[in-house]
Every structure is written in structure tokens, then in C-alpha cells.
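Beneath this line is the structure, given in C-alpha cells, with notes to follow.
Letters go in sequence order (proteins before strands), and every chain restarts at 1.
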There are 2 protein chains.
Amino acid sequence: MEFAEKVFFKYLKERGFYNTAQRRLVVQEFLRLEGHVCADELYRAVKKKHPRVGQTTVFRTVKLLKEAKLAAEVNFTGKRRRFEHEWGHRHHDHLICVGCGRTIEFANKQIEKIQQQVTGSMNFQPLHHRLEIFGHCLKCRKEKGE
Amino acid sequence: MEFAEKVFFKYLKERGFYNTAQRRLVVQEFLRLEGHVCADELYRAVKKKHPRVGQTTVFRTVKLLKEAKLAAEVNFTGKRRRFEHEWGHRHHDHLICVGCGRTIEFANKQIEKIQQQVTGSMNFQPLHHRLEIFGHCLKCRKEKGE
DNA sequence: TTTGAATATGAAAATGATTGTCATTTCCAT
DNA sequence: ATGGAAATGACAATCATTTTCATATTCAAA
Ligand SMILES: [Mn+2]
Ligand SMILES: [Mn+2]
Ligand SMILES: [Zn+2]
Ligand SMILES: [Zn+2]
């Protein structure tokens, strides 16, 4: 069992929630999937192997994964919510190509540092943030003829 | 007539779209309202004065306002989309208080500059971006007893 | 000014993601 | 083992937004 899964069920136990077969299936599938996945994709992936699991349960479990800090929510389009691995992963921000939809992850210490300065000077206590830069990736620029 | 409104109808004309009474009402009300407003709030504001305008038309017109760059979309919660004035306004980013929901606007040249460096080094052509920092505002921290 | 084809409108229905309900089932501390 | 708390899943409901479609309006050309 992955350590992240242990963390999840430890979190559940602390709250008096149960360790159920469905939750084990959902968390395992989530940890298996890479990238930015939405609840419904996760549902279909789980259902492929275990058709009796309900969509409602997957949505509810994803919410728990987020609360337990195994999953971080990302929402590039304003449409459906997506989730990525958070536990054991370093913070990063995103470049999003408006041409092909691909995302590129990056981290920049300087930006983070200046954010601290900005919030500090405004007496604002930061908890988390997101920086999303939309534009055209190299691949798309090449395809469109430089 | 505000200049921004002229810009809007110029944009429409360029596309072969019509200058209609409803669109005039919606753009005027949007320009009157400050802050981050959602389509439904705008609809209700318009309806108060002109009850025959339909919600569908307001939703459609907001989309046009965005295309014409009079409105910029912001989406802090992942729930409903909100829009703020863009035409004639300087770019800024947001601090969002998770306690009271208030937003604080800020602009930082250094962050913008480093973003240019980051995207440049990754061969990514930036079009626009958003930086949202979530946390606790001064007011909320004081209320909770330091 | 008419005219008519393109476009816009608005009520209602449809959509798509998510959440609520509730009868039934499962979990787990005792 | 068992009883009460919690979870499940089919289904309905919700919420913001989009689509549909019959009717009305706009505006360029005649
Ligand atoms: Mn990511
Ligand atoms: Mn703003
Ligand atoms: Zn691309
Ligand atoms: Zn606050």
C-alpha cells in the first residue's frame, strides 16, 4: 500500500470516517492516474475494473481526497474541476496552451518570494495561491507556421 | 455615451452584429456596476429598469463583452463566472480572503517581469495570466483575535 | 422608404457538473 | 456477534449556462 493511501485512511480515522472498499478503490485509482484528472474520469477508470461503484461515491471521495491533502484542485477552464496529486509533490504553477490544452508545470522561487513581500506589505496572510499563464506552446506555434 | 460603449459597438459592427436596444442596456449597466459581477447579477440589475430583457440575452451579451475586451473573466471559487471592467483598466491580480470573500487588487511589476523570463525560457508565448492568492485579510485576522 | 435576408430575442427545454435524498447496506468499537 | 453510526448508490434535484425555435428586429441595398 502506498504511503499516501495510509495518510488518507489515517485522516479518515481521525474524523470517525470508515475505511471502505469503495474508498480504497478510488484512492488507489487516483494515485495510479497521472496529470490533471476530473471526478468523472476517475469514476470511469474505477468503474472499468469495479462496475458496481457509484458515481456519487467517487465525487464524495474526491472531496475527501482534497480535504486530506492528497489531491489539489486545479480549474483552468472554469468548466469541470480537475485534481492532481498533492501528497509528496512540490508546489508548482502552470502554463496552459490555449491552442492544444496542454499544461506545462513550472516553479519559480523568485515569484514565490515576491508574493510573500506583496502579501506581507498588505497585511494579508497567504494560505495558498495559483498562477496560471495562458498562451501558445512551442509545438502549437511551430504548427501554425512560426 | 461612454467611450467603452463605442468600442463595443464598433466591435459588433466589424463582425456584422447588430446594435440592439438590449445590448445597449446591458453594456451600460455593466459599465455602471463596479467590482466583480456575475451574469445573473447583471441580468437582475438590467431587469430592474427594463423588465422585458431576457436572461439569455444578458448571458449572450456578457460573452460578447468579453470578446470585445470590455470585460475580463475572473473565477475565484470555481462556481459562477464573474466579470470585471477591462477596457481602460490596468492589469492587476487578486488577493482573496477565504474568511469573508473580499478581494484585494494588486499589481507588481517584478512578478510580471519574472513571468516573462519564465515563459521566455520555456519557449511559451504568454497571452494573459492570473495570479490569485488566497488567505486571510487583516480584518478577518483581527476579528478572530489576532 | 420599403424590403428582405441576416441577425437577435426570449421563453422554454436541454445540458452538464455536481449535490441532496433516502432506503438499504456496511463498518467497527464494544 | 451486534447495534448504532456512517456509507452506498440509484435517482432526483440543483445551479449556471447553453441550445432551440418561433417570432421580432435591424440595416444595407434597392
Ligand atoms: Mn499540475
Ligand atoms: Mn479585479
Ligand atoms: Zn499547444
Ligand atoms: Zn477577510
Side-chain angles (χ1 to χ4, degrees), chain A residues 5-6 8-30 36-68 71 73-83, chain B residues 5-6 8-30 36-68 71 73-83:
Chain A
E5 192 182 339
K6 285 206 182 75
F8 182 51
F9 286 109
K10 180 166 173 290
Y11 169 86
L12 293 183
K13 184 149 224 175
E14 281 167 9
R15 318 243 145 176
F17 298 157
Y18 294 168
N19 181 330
T20 68
Q22 289 90 334
R23 285 174 178 165
R24 287 194 295 275
L25 293 170
V26 173
V27 66
Q28 283 165 15
E29 193 60 38
F30 173 71
H36 307 107
V37 69
C38 67
D40 194 61
E41 287 167 356
L42 182 53
Y43 164 60
R44 290 202 302 275
V46 170
K47 203 162 98 148
K48 202 168 282 176
K49 301 173 187 169
H50 303 273
R52 344 199 62 195
V53 175
Q55 194 193 32
T56 314
T57 297
V58 176
F59 271 84
R60 285 189 286 230
T61 305
V62 166
K63 187 182 283 186
L64 291 172
L65 288 171
K66 188 182 168 188
E67 288 170 20
E73 186 175 336
V74 294
N75 199 332
F76 303 138
T77 61
K79 296 275 176 185
R80 87 192 64 183
R81 297 166 176 193
R82 292 183 168 275
F83 300 86
Chain B
E5 193 182 338
K6 286 205 181 75
F8 182 51
F9 287 108
K10 181 167 173 289
Y11 170 86
L12 293 182
K13 183 149 225 177
E14 282 167 6
R15 317 244 145 175
F17 298 156
Y18 295 168
N19 181 332
T20 69
Q22 289 91 330
R23 283 174 179 167
R24 287 193 296 274
L25 293 170
V26 173
V27 66
Q28 282 164 17
E29 194 60 40
F30 173 70
H36 307 107
V37 70
C38 66
D40 194 61
E41 287 167 356
L42 182 53
Y43 164 61
R44 289 201 303 274
V46 170
K47 202 163 101 150
K48 203 168 281 177
K49 302 173 184 169
H50 303 273
R52 346 198 59 195
V53 176
Q55 194 194 32
T56 314
T57 297
V58 176
F59 271 86
R60 283 190 286 230
T61 305
V62 166
K63 188 182 282 185
L64 291 171
L65 288 171
K66 188 182 168 187
E67 287 171 21
E73 186 176 336
V74 293
N75 198 332
F76 302 139
T77 60
K79 295 277 176 184
R80 86 190 66 185
R81 296 167 176 192
R82 295 184 166 273
F83 300 87

Any protein N or O atoms within reach of nucleotides 22-30 of chain D? Criterion: under 3.5 Å, listing atom names and distances.
unit_1: dT26(D); atom_1: O2; unit_2: Tyr18(B); atom_2: OH; d: 3.4
unit_1: dC27(D); atom_1: OP1; unit_2: Asn19(B); atom_2: N; d: 2.9

Query raised in the report: With sequence neighbours excluded, what pairs up with Lys47(B) under the side-chain hydrogen bond (donor to acceptor under 3.5 Å, both in side chains) test?
Result: Tyr43(B)
Query raised in the report: When you measure from every atom of DNA chain D, which of residues 43-53 of chain B have a heavy atom less than 4.0 Å away?
Result: none
**Report entry** Criterion side-chain contact (heavy atoms from CB on, under 4.5 Å) on Phe8(B) and Leu64(B), from CA distance to verdict
**Finding:** CA-CA 8 Å; Phe8(B) 182 51; Leu64(B) 291 171; 3.9 Å; yes
**Report entry** Global bending angle along the helix from dT1(C)-dA30(D) to dT30(C)-dA1(D), which compares the axes of five pairs at either end, to 10 degrees
**Finding:** 30°
Query raised in the report: With sequence neighbours excluded, what pairs up with Arg80(B) under the salt bridge (charged side-chain N to carboxylate O under 4.0 Å, His left out) test?
Result: none
Report summary line: By side-chain hydrogen bond (donor to acceptor under 3.5 Å, both in side chains), Lys48(B) pairs with (sequence neighbours left out) none
Report task. Specify the closest pair of heavy atoms between Val46(A) and Val26(A), including all atoms of both residues, with the distance to one decimal. Result -> CG2-CA, 4.1 Å
Query raised in the report: Earliest and latest nucleotide of DNA chain C, 5' to 3', sitting under 4.0 Å from a non-hydrogen atom of chain A?
Result: dA17(C) to dA29(C)
Report task. Could you tell me which residues satisfy side-chain hydrogen bond (donor to acceptor under 3.5 Å, both in side chains) with Glu41(A), sequence neighbours excluded, listed by chain and number? Result -> Arg82(A)
Between protein and nucleotides 14-19 of chain D, what N or O pairs are separated by less than 3.5 Å?
unit_1: dA16(D); atom_1: OP1; unit_2: Arg80(B); atom_2: NH1; d: 3.2
unit_1: dA16(D); atom_1: OP1; unit_2: Arg80(B); atom_2: NH2; d: 2.6
unit_1: dT17(D); atom_1: OP1; unit_2: Arg81(B); atom_2: N; d: 3.0

Query raised in the report: Closest heavy-atom contact between Val58(A) and Ala39(A)?
Result: CG1-O, 3.6 Å
Report summary line: Minimal heavy-atom distance between Gly78(A) and Asn75(B), with the atoms involved, is CA-ND2, 3.8 Å
Requested in this report: List in chain and number order the residues that pass side-chain hydrogen bond (donor to acceptor under 3.5 Å, both in side chains) with Lys66(B), two or more places apart in sequence or in another chain; answer none if no residue qualifies.
Outcome: Glu73(B)
Requested in this report: Just do the side-chain contact (heavy atoms from CB on, under 4.5 Å) check on Leu65(A) and Val27(A) with the steps written out, would you?
Outcome: CA-CA 8 Å; Leu65(A) 288 171; Val27(A) 66; 3.7 Å; yes
Report task. Determine whether Lys13(B) and Phe9(B) make a side-chain contact, defined as any pair of heavy atoms from C-beta on separated by less than 4.5 Å. Result -> no
Query - Nearest heavy atoms of Leu42(A) and Val37(A), plus distance in Å - result: N-CG2, 4.1 Å
Report task. Begin with the C-alpha distance, continue with both residues' side-chain angles, and end with the deciding distance and a verdict on side-chain contact (heavy atoms from CB on, under 4.5 Å) for Gln55(B) and Phe59(B). Result -> CA-CA 6 Å; Gln55(B) 194 194 32; Phe59(B) 271 86; 3.7 Å; yes
Query raised in the report: By ring pair (Phe, Tyr, Trp, His ring centres under 6.0 Å), which residues pair with Tyr11(B), not counting sequence neighbours?
Result: none
Requested in this report: Round to a whole Å and report the spacing from CZ of Phe9(A) to C1' of dA7(D).
Outcome: 13 Å
Report all side-chain donor-acceptor pairs from residues 14-21 of chain A shorter than 3.5 Å, counting only partners two or more places apart or in another chain.
unit_1: Glu14(A); atom_1: OE2; unit_2: Lys10(A); atom_2: NZ; d: 3.1
unit_1: Asn19(A); atom_1: OD1; unit_2: Arg24(A); atom_2: NH1; d: 2.6
unit_1: Thr20(A); atom_1: OG1; unit_2: Arg23(A); atom_2: N; d: 3.2

